[in-house]
Amino acid sequence: MRRSVARALVGGLMAAGLAVAAPALSQAAEQPSLREPAGSGLIQGIVRRVEYATGAVAVVSGSDVAILRGTPAQVAGMKIGDNVALPYQLYANMAWLDPSVGGGLGGSGLGQGSEQQQLSSGKIVGLNLPGGVLAVDSAQKRVILNAHPTLLKNLVPGQYVDFNFATVDGEFWLTNVQIPSGQEIGQ
């Protein structure tokens, strides 16, 4: 059975002695101020935990522990004990790895544990940009996808989209999304 991102983050990071707040999937359109990063920074420290399927990485910096989200491609090369300097962007209360980090936001670079990409289309029924979660009703079923907020910022509930996704250790990751021609962004 596929684990949810929130359950995987909380379960895995709680085992590491860390607490995580996972925002809920919103049926309402995101506030415009949440569509762009609220800030950015650089965290330097030692990798304490990496969860490839969920894209989570915990970094110890001094006496603090920072939890960042990214895509599996972005965290694929990280190992516990690595010294890192990671640029990040803040979306609401969620710190996401900068799109320039690692293997990128999607595409074919998902790496270990990933299955072949699938193509689908459907109507957006839920969107949580800061949490990196998109819900789409496709022809066969509702699909809950993880994604970097950069891939989601031009989307709104009610929109029809064509999208590619890959399964990474049981988690669905959006790798590409297109708004069909003739449909305005935000429609």
- Message: Donor-acceptor pair, distance only, cut-off 3.5 Å: does the side chain of Trp96 make one with the backbone of Thr71?
- Response: no

- Would you find a donor on one side and an acceptor on the other, under 3.5 Å apart, between the side chain of Ser138 and the backbone of Gly122? no

- Distance col, row Tyr160:OH vs Ile179:CD1, nearest 0.5 angstrom, shows 14.0 Å

- Give the minimum heavy-atom separation between Pro72 and Ala53, together with the two atoms involved. CG-O, 4.2 Å

- How many angstroms lie between CZ in Arg69 and CD in Glu51, if you round to the nearest 0.5 Å? 10.0 Å

- For residues Leu97 and His148, report the shortest heavy-atom separation together with the two atoms involved. O-NE2, 2.8 Å

- Task: Kindly give the heavy-atom pair with the smallest separation between Val125 and Val136, and that separation in Å.
- Result: CG2-N, 4.3 Å

- Query: Which atom pair, heavy atoms only, marks the closest approach of Leu151 to Leu155?
  - Reply: O-CD1, 4.0 Å

- Message: So which atom in Asp82 and which in Gly77 form the shortest heavy-atom distance, rounded to 0.1 Å?
- Response: OD2-O, 3.8 Å

- Task: For side chain to side chain contact (heavy atoms under 4.5 Å, CB included), just list the numbers for Val47 and Lys79, CA-CA rounded to whole Å, side-chain angles, deciding distance to a tenth of an Å, and then say yes or no.
- Result: CA-CA 7 Å; Val47 174; Lys79 296 184 244 23; over 6 Å; no

- Item | Side chain proximity check, Leu145 to Val177, heavy atoms < 4.5 angstrom | no

Can you list, pair by pair, the side-chain donor-acceptor contacts under 3.5 Å of residues 37-46, counting residues two or more places apart and other chains?
none

- Message: If the condition is side chain to side chain contact (heavy atoms under 4.5 Å, CB included), which residues does Ser100 pass it with, not counting sequence neighbours?
- Response: Pro87, Asp98

- Query: Which atoms form the tightest heavy-atom contact between Tyr91 and Leu129, and what is the distance?
  - Reply: CD2-CD2, 3.5 Å

- Message: The criterion is side chain to side chain contact (heavy atoms under 4.5 Å, CB included); which residues satisfy it with Ser121, sequence neighbours excluded?
- Response: Asp162

- Shared hydrophobic cluster, Leu90 / Val57 (ILVMFWY, side-chain heavy atoms < 4.5 Å): yes

- With sequence neighbours left out, what residues match Val60 under side chain to side chain contact (heavy atoms under 4.5 Å, CB included)? Arg48, Val65

- Item | Leu134 and Phe172: CA distance, side-chain angles, deciding distance, side chain to side chain contact (heavy atoms under 4.5 Å, CB included) verdict | CA-CA 10 Å; Leu134 176 68; Phe172 296 145; over 6 Å; no

- Task: Provide the full list of salt bridge (charged side-chain N to carboxylate O under 4.0 Å, His left out) pairs with a residue in residues 124-140, sequence neighbours left out, each pair given once.
- Result: Asp137-Arg142

- Task: Go through the steps for Thr54 and Asn146 under the test side chain to side chain contact (heavy atoms under 4.5 Å, CB included), then give the verdict.
- Result: CA-CA 8 Å; Thr54 62; Asn146 301 296; over 6 Å; no

- Message: As a quick check of understanding, evaluate side chain to side chain contact (heavy atoms under 4.5 Å, CB included) for Gln118 and Thr167, giving each step before the final call.
- Response: CA-CA 9 Å; Gln118 300 175 46; Thr167 305; 4.0 Å; yes

- Message: I want to check something: taking the side chain as every heavy atom from C-beta on, are Gln89 and Pro99 in contact at a cut-off of under 4.5 Å?
- Response: yes

